[in-house]
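To start, the structure itself, in structure tokens.
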Protein chains: 2
Amino acid sequence: MSRKIFVSAKEVADRAGVSRSAVSRTFTPGASVSEETRRRVSEAAEALGYHVNHLARGLMRNESGIVCLIVSELDTPYRASLIRALTGQLQSASKIAMLINTDRSDDSVDQALRQAISYRADASIILSGMPDKSITDLCLKSGQRLVLINRDEDRDGALMINLNDREAARRSFIALLRAGCRNFAFANSEAMTPSLMAREEGFCAAGREHGLEVTVERFGSTTYQSGVVLAQRLLTREKRPDAIFCVNDLLACGLMDTARHQFNLAIPSELCVVGFDDIEQASWSSYNLTTFAQPVEQIAAEAVTWLDQVTSAEANSRRLDAELVWRGSVRGG
Amino acid sequence: MSRKIFVSAKEVADRAGVSRSAVSRTFTPGASVSEETRRRVSEAAEALGYHVNHLARGLMRNESGIVCLIVSELDTPYRASLIRALTGQLQSASKIAMLINTDRSDDSVDQALRQAISYRADASIILSGMPDKSITDLCLKSGQRLVLINRDEDRDGALMINLNDREAARRSFIALLRAGCRNFAFANSEAMTPSLMAREEGFCAAGREHGLEVTVERFGSTTYQSGVVLAQRLLTREKRPDAIFCVNDLLACGLMDTARHQFNLAIPSELCVVGFDDIEQASWSSYNLTTFAQPVEQIAAEAVTWLDQVTSAEANSRRLDAELVWRGSVRGG
DNA sequence: CTGCTTGTTGCACTCGCTTGCAAAAATAGG
DNA sequence: CCTATTTTTGCAAGCGAGTGCAACAAGCAG
């Protein structure tokens with residue numbers, strides 16, 4: 001099956017009785033074309049079903065319009081909503097998203113970036129994992145923009161978008177304290193990414209400041225299932241926590257379900273829970289979870305705006321606020 | 001900021017002391033190159049950080065390796081998991097996914113397909129919405145493959161993947177009947193897509209066969225919020241249903257939460273619920289929802305396999321089975 | 001009518017790669 | 001050692017677009 005059936009600018013030119021340059025100019029904003037030729041070209045293009053070949057255009061202009069989204073576990077609620085925001089805003093900026101799934105091997109983030117280079121992507125946005133420095137250097141050297149979201153590691157020349165994880169965690173401690181809680185616990189995964197660790201450290205630091213001990217438990221990855229296990233571990237301790245900060249909402253859901261159905265605990269009267277991300281499920285009435293909202297649209301906006309800027313030398317690090325969303329999993333409020 | 005910093009085949013050729021063609025052949029599987037030159041070329045390429053320009057390659061070969069995923073509300077659990085499966089399998093087949101978000105108007109699907117044509121995508125996979133026939137014809141005429149998932153509308157030349165919605169709905173009716181339910185209801189959205197309607201029709205047909213009436217209620221889109229509203233409408237009827245088939249899981253979650261928290265109904269003893277999709281949340285202990293699993297991996301496999309086939313003339317329609325997943329939202333089992 | 005400015009248009013070159021073709025090199029056969 | 005065959009290699013012609021440059025037409029002042 002040959003695929004050379006796409007209609008080319010030449011054909012449009014012939015039909016409109018003009019040169020190929022004319023049709024090229026018609027589709028290039030700001031080029032010099034008379035109203036008359038533009039009309040005739042557009043007409044011919046419409047009739048033939050002509051569409052500019054972005055591959056060829058990208059080749060000439062050295063600007064493909066492609067932005068790679070590099071992500072693992074993209075069906076996770078928070079990730080999915082971030083992808084949605086990013087694709088939406090990229091499209092509004094007339095760029096297009098390429099999605100690279102890095103679920104498989106570990107060096108696959110590197111592989112993904114190689115793909116991005118191969119397709120001459122204008123930029124890559126990394127939502128998970130951390131590529132090798134040699135690769136990111138290659139990207140930057142090649143003139144590809146790089147955005148790291150919640151990666152919190154330094155890469156000169158890349159834009160790094162992070163949240164104020166520490167501060168959020170501190171605020172949640174205070175909220176729990178005000179709610180009258182005294183036995184604090186932090187439910188974390190073993191993923192140990194910088195942003196997750198910042199939440200843990202922020203929470204523990206707040207505890208120390210108030211002279212209160214914080215039980216830290218870590219298990220698995222940031223999933224519902226891990227929440228189940230963490231609940232089992234935390235709630236069987238001799239000094240049962242009455243306040244648990246979960247490193248993300250998914251985990252919090254698992255923990256809450258287990259606390260209720262397996263330990264018959266009432267939330268928030270016997271146990272207060274705070275999560276992070278504000279995924280859709282957090283607002284469901286079974287959870288009604290007090291949490292910190294990831295400003296996904298704002299994150300996407302920062303990233304996309306930065307991509308459109310000519311100069312990228314200065315201030316390539318943003319720290320955004322995760323806003324506290326009060327719901328019913330904490331007393332008072 | 002100029003971006004012409006990517007290293008080209010010419011540079012690699014110079015460094016390796018061979019011709020451009022040699023480096024091109026080194027990266028073309030099955031081309032005739034001696035072991036010696038291949039080694040020298042690879043070495044030079046590695047040193048320079050060379051990566052084949054897929055834009056140019058696609059231009060020559062008339063085969064970009066790009067597959068467009070056209071989807072709306074991609075942060076919905078079912079959609080997200082389908083996207084994950086598709087991107088994963090596409091990558092295994094050494095293709096790459098372009099993601100186009102069609103959140104806005106309905107003709108945005110048409111726009112998306114135009115984008116696909118512009119990037120000379122080898123194929124487009126449509127997960128939501130239905131494009132105009134004129135556009136799909138243009139795609140097909142241009143030699144672009146087209147896959148429609150759960151769209152259930154005829155488009156000659158495209159691959160259509162659907163589930164046995166009717167049959168699944170019928171099975172769920174029987175299951176509910178066996179569970180001792182007598183007042184059946186069907187909770188649907190107003191989206192009225194063919195696959196959703198097929199579920200409704202299948203369920204109602206089964207009701208008629210058993211001489212039992214089925215209350216049908218439709219509201220909004222297939223979201224949690226719609227489930228809330230539908231619960232309020234259905235559970236305030238004078239003849240309160242004791243069995244509700246929800247057109248998808250998301251809606252079922254909203255309905256269950258409302259039934260429990262607002263109407264104080266026990267599930268499954270006072271109300272049995274069946275959903276559709278088997279999203280992750282269906283397995284969470286708050287829901288523990290009996291549902292039909294979308295065979296996402298299988299759907300993705302069918303799509304990707306078909307894309308690799310040379311001949312596409314025959315049998316371009318697949319109907320897959322949604323398997324019943326028994327959980328606790330229906331008595332017995 | 002001439003000279004000059006402004007605006008359009010076409011030619012031809014370029015982007016980075018693949019590939020048919022024919023020349024060159026390596027290998028085999030006698 | 002020579003010829004026939006098989007690899008390997010380089011040349012050059014594309015692929016489909018954008019764009020500098022020069023030619024050309026139109027409009028205007030003098």
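All chains are named by letter (A, B, ...) in the order of the sequence lines, taking the proteins before the strands, and each is independently numbered beginning at 1.
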Nucleotide [N], atom [atom2] - distance to [atom1] of [X] in whole Å:
{"X": "B/R120", "N": "D/dC15", "atom1": "CZ", "atom2": "P", "result": "14 Å"}
{"X": "A/F6", "N": "D/dG14", "atom1": "CZ", "atom2": "P", "result": "22 Å"}
{"X": "B/E63", "N": "C/dT19", "atom1": "CD", "atom2": "C1'", "result": "15 Å"}
{"X": "B/L59", "N": "C/dT14", "atom1": "CG", "atom2": "P", "result": "17 Å"}
{"X": "A/R57", "N": "C/dG16", "atom1": "CZ", "atom2": "P", "result": "18 Å"}
{"X": "B/N62", "N": "C/dG16", "atom1": "CG", "atom2": "P", "result": "20 Å"}
{"X": "B/R25", "N": "D/dG10", "atom1": "CZ", "atom2": "C1'", "result": "8 Å"}
{"X": "A/H51", "N": "D/dA17", "atom1": "NE2", "atom2": "C1'", "result": "16 Å"}

message: Checking contacts here: which listed nucleotide (D/dG10, C/dT19, C/dC13) is nearest the side-chain heavy atoms of B/M60?
response: C/dT19
Side-chain donor-acceptor pair present, [X], [Y], cut-off under 3.5 Å:
{"X": "A/S124", "Y": "A/Q144", "result": "yes"}
{"X": "A/R120", "Y": "A/S64", "result": "no"}
{"X": "B/Q115", "Y": "A/Q91", "result": "no"}

query: Between A/Y119 and C/dG16, does any side-chain N or O lie under 4.0 Å from OP1 or OP2?
result: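 It does not, given that no N or O in the side chain of A/Y119 lies less than 4.0 Å from OP1 or OP2 of C/dG16.
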query: Is the distance from OP1 or OP2 of D/dG18 to the nearest side-chain N or O of A/S24 less than 4.0 Å?
result: yes
Test: [X] and [Y] ion pair at under 4.0 Å:
{"X": "A/R145", "Y": "A/D122", "value": "no"}
{"X": "A/K133", "Y": "A/D137", "value": "yes"}
{"X": "A/R15", "Y": "A/E11", "value": "no"}
{"X": "B/D14", "Y": "B/K10", "value": "yes"}
{"X": "A/E35", "Y": "A/R39", "value": "no"}

task: Compute the bend angle of the helix from C/dC1-D/dG30 to C/dG30-D/dC1 from the end axes (five pairs per end), rounded to 10°.
output: 40°
task: Kindly determine whether A/S21 and A/S24 satisfy side chain to side chain donor-acceptor pair (under 3.5 Å), including the steps that lead there.
output: CA-CA 5 Å; A/S21 332; A/S24 185; over 6 Å; no
Classify the nucleic acid contact of [X] as base, sugar-phosphate or nothing, counting any heavy atom under 4.0 Å across all strands shown.
{"X": "B/F27", "answer": "nothing"}
{"X": "A/V23", "answer": "nothing"}
{"X": "A/S32", "answer": "base"}
{"X": "B/R20", "answer": "nothing"}

task: Please figure out whether A/K10 or B/S21 has its closest DNA chain D nucleotide nearer the 5' end.
output: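 With B/S21 and A/K10 compared, the 5'-side residue is B/S21.
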message: Tell me which residues in residues 33-49 of chain A lie within less than 4.0 Å of DNA chain C, going by non-hydrogen atoms.
response: A/V33, A/S34, A/T37
Identified side-chain contact (heavy atoms from CB on, under 4.5 Å) partner of A/T222 from the options A/D277, A/T76, A/L196: A/L196
